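Since the structure is predicted, the reported quantities are computational estimates derived from the model, not experimental observations.
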Amino acid sequence: DGGGVYFKDGGTTIGFLQNSSNDFRLVAGQSDKDIVFIGTDSDGSPSTTITALTLDMSAAGIATFSSGINIGNRGSASDPTLQSAIDPNTGIFWGGGDILGFSTAGIEALRIDSDRNTLVGLSSNPGYYATQLIVSVAYEYGITIAATNTSATNYLMFADGTSGVGEYQSRIQFNHNGNTLMFAIGDTELIRFHSTGNVGIGTSSPEAHFHISSSVSSTSASLYVEG
């Protein structure tokens, strides 16, 4: 125990290999000097080298892999493959073929499946029609769009293009400056709910609890009720 092989340069210890309490240790002998793993390229030329791994021996202690990391096991929600030593049941795991999972406190929190669907609180889609994002929540939970100020306008957009009206072919819009909720198709506002409790169809300034207005001069505003 305590024996080692020392590497020196001009009498200065650069690093050493050591046996300590049955642990094999590779130790950098100089302050803030990195440990670098270098290999030779496939042509076998000693002059053609590749840095595979750099271990930062400064206070940051960062390991830098030059290409990637191959991990031999999938892990699980309770024992994720990528985890912190101080929080081992929180991290990233592979839930199966082409499935990436994230867990907190040993419980799966989010999964991206092989069809690139994102599932929150679920490990599989039980049969919902729209699948790109599924959020499973308990009573009194949900999703919040949080405005950064009281005059912001926030949107939920339905698009079929990346320019012009295609960017917002249909939308739900909330204006925090006035607290109004609006539904529109393209550039045409269809209905607006005002903070006063008034509802407007064809008007952005409803003057009654239910206000219908026609923007076409030759057409009278109407309400059709069929029994």
Side-chain angles (χ1 to χ4, degrees), residues 1-125 132-138 141 143-149:
D1 189 24
V5 178
Y6 289 77
F7 300 87
K8 297 187 176 183
D9 183 7
T12 300
T13 300
I14 304 301
F16 53 91
L17 305 177
Q18 183 185 61
N19 170 35
S20 177
S21 300
N22 293 324
D23 291 332
F24 178 77
R25 303 174 65 190
L26 172 62
V27 183
Q30 297 297 306
S31 175
D32 291 343
K33 295 298 183 180
D34 297 341
I35 297 177
V36 183
F37 293 81
I38 298 177
T40 303
D41 199 2
S42 58
D43 63 6
S45 172
S47 61
T48 309
T49 59
I50 298 175
T51 299
L53 170 63
T54 301
L55 301 179
D56 180 1
M57 295 295 104
S58 67
I62 297 174
T64 302
F65 293 84
S66 298
S67 179
I69 303 174
N70 290 325
I71 300 174
N73 68 305
R74 298 187 186 278
S76 64
S78 60
D79 186 20
T81 307
L82 298 180
Q83 58 182 249
S84 168
I86 60 175
D87 192 6
N89 63 356
T90 295
I92 302 174
F93 66 97
W94 281 258
D98 300 321
I99 297 175
L100 184 62
F102 300 80
S103 65
T104 59
I107 299 174
E108 181 172 330
L110 183 147
R111 171 179 295 226
I112 302 173
D113 69 15
S114 58
D115 293 319
R116 299 182 300 280
N117 298 321
T118 300
L119 311 175
V120 180
L122 291 170
S123 59
S124 63
N125 176 17
Q132 287 299 106
L133 174 62
I134 301 174
V135 180
S136 176
V137 295
Y141 287 80
I143 300 174
T144 297
I145 299 177
T148 57
N149 58 74

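- Proximity of N125 to I134: side-chain heavy atoms (C-beta onward) are separated by under 4.5 Å at one or more points.
- The shortest non-hydrogen separation linking S114 to G97 is CB-O, 3.9 Å.
- Considering only heavy atoms from C-beta on, I71 comes within 4.5 Å of L82 through its side chain.
- Under a 3.5 Å cut-off, the side chain of T13 and the backbone N or O of K8 do not form any donor-acceptor pair.
- Taking 4.5 Å as the limit, some side-chain heavy atom of W94 sits within range of a side-chain heavy atom of L100.
- Distance check: L119 CG to L110 CG gives 7.5 Å after rounding to the nearest 0.5 Å.
- Panel note: side chain D113, backbone D115; a donor-acceptor pair is recorded below 3.5 Å.
- Open room surrounds CG on D98; 12 or fewer heavy atoms of other groups in view lie less than 6.0 Å from it.
- When all heavy atoms of I92 and P80 are compared, the pair lying nearest together is O-CB, 3.4 Å.
- Residues in residues 60-76 take part in these side chain to side chain donor-acceptor pair (under 3.5 Å) pairs, two or more places apart or across chains: S76-S78.
- Rounded to the nearest 0.5 Å, atoms CZ (F65) and OG1 (T51) are 13.0 Å apart.
- Residues L26 and L17 form a side-chain contact, since some pair of their non-hydrogen atoms from C-beta on lies under 4.5 Å apart.
- Interatomic distance, T54 OG1 to I62 CD1, rounded to the nearest 0.5 Å: 11.5 Å.
- Side-chain contact check for R111 versus L122: every heavy-atom pair is 4.5 Å or farther apart.
- For the atom pair OG1 of T12 and CD of Q30, the computed distance is 6.0 Å after rounding to the nearest 0.5 Å.
- Taking every heavy atom of both residues into account, I112 and R116 meet most closely at CG2-CA, 4.2 Å.
- To the nearest 0.5 Å, atoms OG1 (T90) and CZ (F102) are separated by 12.5 Å.
- In this structure a side-chain-to-backbone donor-acceptor pair under 3.5 Å is present from S84 to I86.
- F7 and F16 make their closest contact through CD1-CA, 4.2 Å (heavy atoms, listed as atom of the first residue, atom of the second, distance).
- The heavy-atom pair separating A77 from S103 by the smallest distance is O-OG, 2.9 Å.
- The CG atom of L55 lies 8.0 Å from the CG atom of D34; values are rounded to the nearest 0.5 Å.
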